[in-house]
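Structure first, then comments.
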Protein chains: 2
Amino acid sequence: MKELTSVSVPTVRRLPLYMAILKEIEPTTQYVSSTLISDRLNLEQIQVRKDLAGIGVTGQPAVGFNVRELIEAIEQLLGWDNMRDAILVGTGNLGQALLGYDGFARYGLNIIAAFDSNPEIIGMKIHGKPVFDIEVLSSLTERMHIQIGILAVPSKVAQQVADALIEAGIHAIWNFTPVKLNVNNNIIVEQVDLAASLAVLSSKLKAVNK
Amino acid sequence: MKELTSVSVPTVRRLPLYMAILKEIEPTTQYVSSTLISDRLNLEQIQVRKDLAGIGVTGQPAVGFNVRELIEAIEQLLGWDNMRDAILVGTGNLGQALLGYDGFARYGLNIIAAFDSNPEIIGMKIHGKPVFDIEVLSSLTERMHIQIGILAVPSKVAQQVADALIEAGIHAIWNFTPVKLNVNNNIIVEQVDLAASLAVLSSKLKAVNK
DNA sequence: ATGTTATCGATACTCTTATATCGATAAATA
DNA sequence: TATTTATCGATATAAGAGTATCGATAACAT
Ligand SMILES: NC(=O)c1ccc[n+]([C@@H]2O[C@H](COP(=O)([O-])OP(=O)(O)OC[C@H]3O[C@@H](n4cnc5c(N)ncnc54)[C@H](O)[C@@H]3O)[C@@H](O)[C@H]2O)c1
Ligand SMILES: NC(=O)c1ccc[n+]([C@@H]2O[C@H](COP(=O)([O-])OP(=O)(O)OC[C@H]3O[C@@H](n4cnc5c(N)ncnc54)[C@H](O)[C@@H]3O)[C@@H](O)[C@H]2O)c1
């Protein structure tokens with residue numbers, strides 16, 4: 001019954017921050033306090049406690065939270081306990097950077113292959129990952145039961161490639177293009193919205209410069 | 001007096017989405033309804049109307065909002081009317097992708113130069129932008145009154161490079177590293193948190209897979 | 001042993017954000 | 001001209017997220 005009330009999105013977004021601290025201190029400490037975590041992240045203790053309560057972990061008064069237990073709970077909630085395979089489409093500027101990023105392994109994400117439409121790139125390996133023709137997308141994806149597609153193609157073809165990904169059996173799209181994708185609501189789309197991020201920065205800067 | 005109540009962050013984050021639609025329809029239409037915008041973005045009309053009211057634009061009942069007026073209001077609020085110069089530090093995988101991204105111009109951001117510590121890269125041009133030695137950071141930045149620094153260096157040196165940026169007179173840091181930077185609160189830090197984004201995607205996928 | 005301190009859980013409260021309702025306006029249509 | 005329809009603004013309500021308070025617990029120092 002506990003699982004019915006799902007964790008809030010803001011909480012989920014903070015979990016990786018907690019995880020980084022936990023992984024760092026795990027070798028040295030068995031228990032951690034919400035105060036320690038909140039201090040490092042410039043948050044309030046109470047917010048950390050509430051988040052942790054939200055994911056179902058309970059601490060011990062006057063002692064703290066069991067580090068190991070916390071790590072396992074977060075990993076399980078985020079599915080970082082089992083590696084998830086993903087494919088990436090669009091091996092341009094951004095796509096190549098993502099292929100070369102070793103940080104994803106820490107988040108349980110494993111990019112097994114890339115796809116592109118450019119004949120000059122197809123057949124190559126980029127950062128050790130093979131690049132296939134976008135035309136053979138479905139055969140590979142379906143066969144290997146890949147669930148996650150990373151979208152890094154030019155904006156004009158974003159929708160069309162997204163459709164192809166879904167056609168090929170992808171359930172979740174990590175969308176790095178600024179295009180608002182039109183998809184069925186059984187498909188999960190997570191947008192990496194740089195424009196939004198930049199907008200926040202710009203408006204704050206504007207406010208300071210009065 | 002209107003400006004004292006600043007626009008909320010969620011609203012600011014949606015403004016670029018509105019802008020994209022406005023720019024697209026500007027040549028063909030003079031007025032736009034909140035319904036049209038909300039339909040394209042899968043939002044509620046009322047939320048769009050409230051956002052637009054929040055930035056000080058007022059529409060006409062039974063007619064809609066003046067497209068040109070909206071564009072100008074948003075551009076002004078985000079400072080996208082005047083190009084802002086920025087510098088980028090760390091020309092690795094991600095830094096090079098960012099240097100090659102032409103989309104920033106649309107957001108009023110102009111990366112004028114890059115900095116790195118790797119002698120093999122220093123002196124080169126990447127996507128037309130010169131790469132300087134990180135050692136000469138302050139001389140260039142201060143002289144040209146650059147306000148924005150884009151941080152794309154390895155995590156271990158992120159704090160130290162951030163300190164150098166601030167020392168060199170930077171007021172705002174667009175932080176692509178997963179490091180929580182420790183800075184004075186007169187410095188604006190905007191974090192691009194891929195881990196958070198991936199966490200949201202993962203948790204939703206987990207939920208769907210039962 | 002006793003008191004002090006750090007910590008948690010539960011509950012309540014506040015603030016922000018999102019959503020709903022409704023009357024007024026003007027364009028389009030009959 | 002009268003009626004219907006799409007739209008906005010203002011105000012109210014609901015939902016969500018963050019913050020505060022307080023009693024209980026256990027470690028540690030006196
Ligand atoms: N470069 C950045 O830093 C950056 C930042 C934010 C957002 N983005 C967005 O990411 C996307 C990619 O940007 P980029 O700079 O890497 O562009 P890019 O042009 O460098 O790369 C696009 C790649 O997609 C491939 N491609 C084109 N059509 C295809 C298709 N139908 N199927 C498969 N592959 C196809 C191209 O061959 C190319 O390799 C764009 O939507 C851009 O707006 C990029
Ligand atoms: N590559 C990605 O897709 C990606 C995605 C998300 C986050 N990130 C983060 O972005 C950062 C950079 O990632 P990357 O993959 O580009 O790494 P990278 O190793 O490819 O590039 C880092 C660059 O920084 C330079 N550098 C090192 N020390 C420096 C210093 N003291 N001063 C100036 N420059 C210095 C290096 O010479 C190198 O060119 C990392 O913190 C990473 O976690 C990367």
Side-chain angles (χ1 to χ4, degrees), chain A residues 1-2 4-15 17-18 21-22 25 29-70 73-74 193 196 199-200 203-204 207, chain B residues 1-2 4-15 17-18 21-22 25 29-70 73 77 193 196 199-200 203-204 207:
Chain A
M1 290 298 119
K2 193 67 169 304
L4 288 183
T5 44
S6 70
V7 183
S8 80
V9 169
T11 296
V12 169
R13 293 183 62 91
R14 282 188 291 268
L15 295 181
L17 302 175
Y18 300 162
I21 294 175
L22 294 171
I25 65 177
T29 337
Q30 192 174 359
Y31 287 91
V32 64
S33 70
S34 56
T35 319
L36 185 146
I37 296 177
S38 64
D39 279 354
R40 295 221 195 167
L41 296 172
N42 279 347
L43 300 175
E44 299 294 323
Q45 319 93 301
I46 194 158
Q47 185 166 52
V48 175
R49 268 213 313 283
K50 245 197 145 189
D51 285 341
L52 299 184
I55 66 174
V57 181
T58 150
Q60 198 178 348
V63 180
F65 294 85
N66 184 289
V67 176
R68 188 74 239 136
E69 196 183 326
L70 271 184
I74 296 177
D193 198 341
V200 173
S203 69
K204 285 183 184 168
Chain B
M1 289 304 116
K2 193 68 169 303
L4 288 183
T5 43
S6 70
V7 183
S8 79
V9 169
T11 296
V12 169
R13 294 183 61 92
R14 282 188 292 267
L15 294 181
L17 302 175
Y18 301 162
I21 294 174
L22 294 171
I25 66 176
T29 338
Q30 193 173 359
Y31 288 92
V32 64
S33 70
S34 55
T35 318
L36 185 144
I37 296 177
S38 63
D39 278 355
R40 294 222 195 167
L41 296 172
N42 279 347
L43 299 175
E44 298 295 322
Q45 320 92 302
I46 194 159
Q47 185 166 54
V48 175
R49 268 214 312 285
K50 247 199 143 189
D51 284 342
L52 299 184
I55 66 174
V57 181
T58 149
Q60 198 179 347
V63 180
F65 294 85
N66 184 290
V67 176
R68 187 74 237 134
E69 196 182 327
L70 271 184
L77 193 140
D193 198 341
V200 173
S203 69
K204 285 183 182 166

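Every chain is numbered from 1 and lettered A, B, ... according to where its sequence line falls, protein lines coming before strand lines. This one's a predicted model, so the numbers in the text were calculated from it and none came from an experiment. Side chains included, hydrogens not; waters and symmetry mates left out as well; all remaining heavy atoms used.
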How long is the line joining [atom1] of [X] and [atom2] of [N], in whole Å?
{"X": "A/L52", "N": "C/dA10", "atom1": "CG", "atom2": "C1'", "value": "16 Å"}
{"X": "B/L43", "N": "C/dT19", "atom1": "CG", "atom2": "P", "value": "9 Å"}
{"X": "B/Y31", "N": "D/dC8", "atom1": "OH", "atom2": "P", "value": "12 Å"}
{"X": "B/R13", "N": "C/dA18", "atom1": "CZ", "atom2": "P", "value": "12 Å"}
{"X": "B/Q45", "N": "C/dC22", "atom1": "CD", "atom2": "C1'", "value": "15 Å"}
{"X": "A/Q47", "N": "C/dG9", "atom1": "CD", "atom2": "P", "value": "16 Å"}
{"X": "B/D39", "N": "D/dA6", "atom1": "CG", "atom2": "P", "value": "12 Å"}
{"X": "A/F65", "N": "C/dA6", "atom1": "CZ", "atom2": "P", "value": "17 Å"}

Of the listed nucleotides [options], the one nearest the side chain of [X]:
{"X": "A/P61", "options": "C/dT25, C/dT19, D/dT25", "result": "D/dT25"}
{"X": "A/A62", "options": "C/dT25, D/dA26, D/dT21", "result": "D/dA26"}
{"X": "A/P10", "options": "D/dA17, D/dA26, C/dC8", "result": "D/dA17"}

When you look at A/I37 and A/F65, which way does the side chain to side chain contact (heavy atoms under 4.5 Å, CB included) test go after all the steps? CA-CA 11 Å; A/I37 296 177; A/F65 294 85; over 6 Å; no
Nearest nucleotide by nearest heavy atom, which residue falls closer to the 5' end of DNA chain D, B/I46 or B/T35? B/T35
Examine [N]: is either OP1 or OP2 under 4.0 Å from a nitrogen or oxygen in the side chain of [X]? Give yes or no.
{"X": "A/R14", "N": "D/dG18", "value": "yes"}
{"X": "B/S33", "N": "D/dC8", "value": "no"}
{"X": "A/T58", "N": "C/dC8", "value": "no"}
{"X": "B/Q60", "N": "D/dC8", "value": "no"}
{"X": "A/S34", "N": "C/dT7", "value": "no"}

Among B/V12, B/L15, B/V7, the one residue meeting side-chain contact (heavy atoms from CB on, under 4.5 Å) with A/S203: B/V12
[atom2] on [Y] to [atom1] on [X], rounded to 0.5 Å:
{"X": "A/E69", "Y": "A/I74", "atom1": "CD", "atom2": "CD1", "result": "11.0 Å"}
{"X": "A/Q45", "Y": "A/L36", "atom1": "CD", "atom2": "CG", "result": "11.5 Å"}
{"X": "B/I55", "Y": "B/T11", "atom1": "CD1", "atom2": "OG1", "result": "9.0 Å"}
{"X": "B/D51", "Y": "B/I46", "atom1": "CG", "atom2": "CD1", "result": "11.0 Å"}

Difference in axis direction between the ends of the helix from C/dA1-D/dT30 to C/dA30-D/dT1, five pairs, 10°: 10°
Check A/I25 against A/R40 and note the closest heavy-atom contact, atom names and distance. CG2-NH2, 3.7 Å
By nearest heavy atom, map A/K50 and A/G59 onto DNA chain C; which one lands nearer the 5' end? A/G59
Where do A/R14 and A/L43 land on the side chain to side chain contact (heavy atoms under 4.5 Å, CB included) test, with the steps shown first? CA-CA 10 Å; A/R14 282 188 291 268; A/L43 300 175; 3.9 Å; yes
Which part of the nucleic acid does A/T11 contact within heavy-atom distance under 4.0 Å: base, sugar-phosphate only, or nothing? nothing
